[in-house]
Amino acid sequence: MKKIMITGACGQIGSELVMKLRETYGTENVLATDIRKPAVQKGPFETLDVMDAKRMNDIAKDFGADTLMHMAALLSATAENNPLFAWNLNMGGLVNALEVAREQNLQFFTPSSIGAFGPSTPKNNTPQDTLQRPSTMYGVNKVAGELLCDYYFQRFGVDTRGVRFPGLISYVTPPGGGTTDYAVDIYYKAITEGKYTSYIAKDSYMDMMYMPDALQAIIDLMEADPAKLIHRNAFNVTAMSFEPEEIAASIRKHLPNFEMDYDVDPVRQAIADSWPDSIDASAAKEEWGFKAKYDLDAMTVDMLKKLQEKVIKSA
Ligand code: SER
């Protein structure tokens, strides 16, 4: 990875990935692209709608990219509100990006998700290789995406790689349209209002990961020896699994008066119920040394500290 182009660079993962890659590989070597302009522009940026295959190809060529990270996609709840648009954007954007990687011989990353599992998948310690019959449009897109990336590797030799991310928690960009986003909102509300109404029900376990671990996982996978990768495009990765009461309890260790109640959203709850309670990340550990540093309490300490600083700055 020497010249990296990113799509969806203003999204939840993209905005932090760009910063991390620029620190690691140099600002001028990381080209951010997005359909929206970033609020602050500090390095190379191009406006790009991922449905515009020609422009994506031209931008990658002009930049001299050797790596393409395709992050532009709709998340689970937004996709459920507009399934046809989600299919067109999530699949159309991905196939355009894979074509650019094929034509220009680029190393390629795109994330899959725990959303690629469904109600018939084993719920606990979900294996790397298992039944995948998702019941959401987002899940259908993710399974098809995993297969498409495998296909581009097997058929055309494109160096495709990917992980199945759990819910990602971060303080830089507000979440947009995911089911796991309650676990981000809760920290904002804990600081600004001292209370939170959860749209996910008590006892709903989902896998989660703090953003710094997610970014490191992307870099570690992309830098891994290809000869060791058996599951190229769909590695289970996770750092923790919790339900709403457990994250609230972790917050109360620092904000003892924090209160939480429930107003369950049936759409997002149905999505959460169709996903695993906890997944097994042993293939990622064995094949490329995946390791997460943050557990729930370590993440809570950092999230509360960073958000408090952010709220003070914006006041
Ligand atoms: N965080 C994502 C979502 O909830 C899962 O991949 O949509």
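Starting from 1, each residue takes its place in the sequence as its number. Just so you know, ligand 1 is whichever comes first in the structure, and atom 1 is the first atom listed for that ligand. As the structure is a computational prediction, the values presented were derived from the model and not from experiment.
In this structure, of I114, T136, T180, the residue bringing a heavy atom nearest to atom 1 (N) of ligand 1 is T180.
Residue G178 approaches ligand 1 through these ligand atoms, each under 4.0 Å from one of its heavy atoms: 3 (C), 4 (O), 7 (O). Near T179, meaning under 4.0 Å from one of its heavy atoms, ligand 1 places the atoms 3 (C), 4 (O), 7 (O). Listed by atom number, the atoms of ligand 1 under 4.0 Å from S113 heavy atoms are 5 (C), 6 (O). When each atom of ligand 1 is checked for a heavy atom of S76 under 4.0 Å away, the hits are 3 (C), 4 (O), 7 (O).
In W275, the part holding a heavy atom less than 4.0 Å from any atom of ligand 1 is the side chain.
Looking at L168 and T180, their side chains never come closer than 4.5 Å, going by heavy atoms from C-beta outward. Inter-residue side-chain proximity for H231 and D129 is flagged as met; some heavy-atom pair is nearer than 4.5 Å. Here the side chains of T78 and F85 are not in contact, with every heavy-atom distance at 4.5 Å or above. P212 has its side chain out of reach of K293: every pair of non-hydrogen atoms, C-beta onward, lies at least 4.5 Å apart.
Of all heavy-atom pairs between I247 and A183, the closest is CD1-O, 3.8 Å.
Figure legend: K3 and F63 shown as a cation-pi pair, the cationic atom lying under 6.0 angstrom from the six-membered ring centre and within 45 degrees of its axis.
On a distance-only criterion, D181 and ligand 1 share no N/O pair closer than 3.5 Å.
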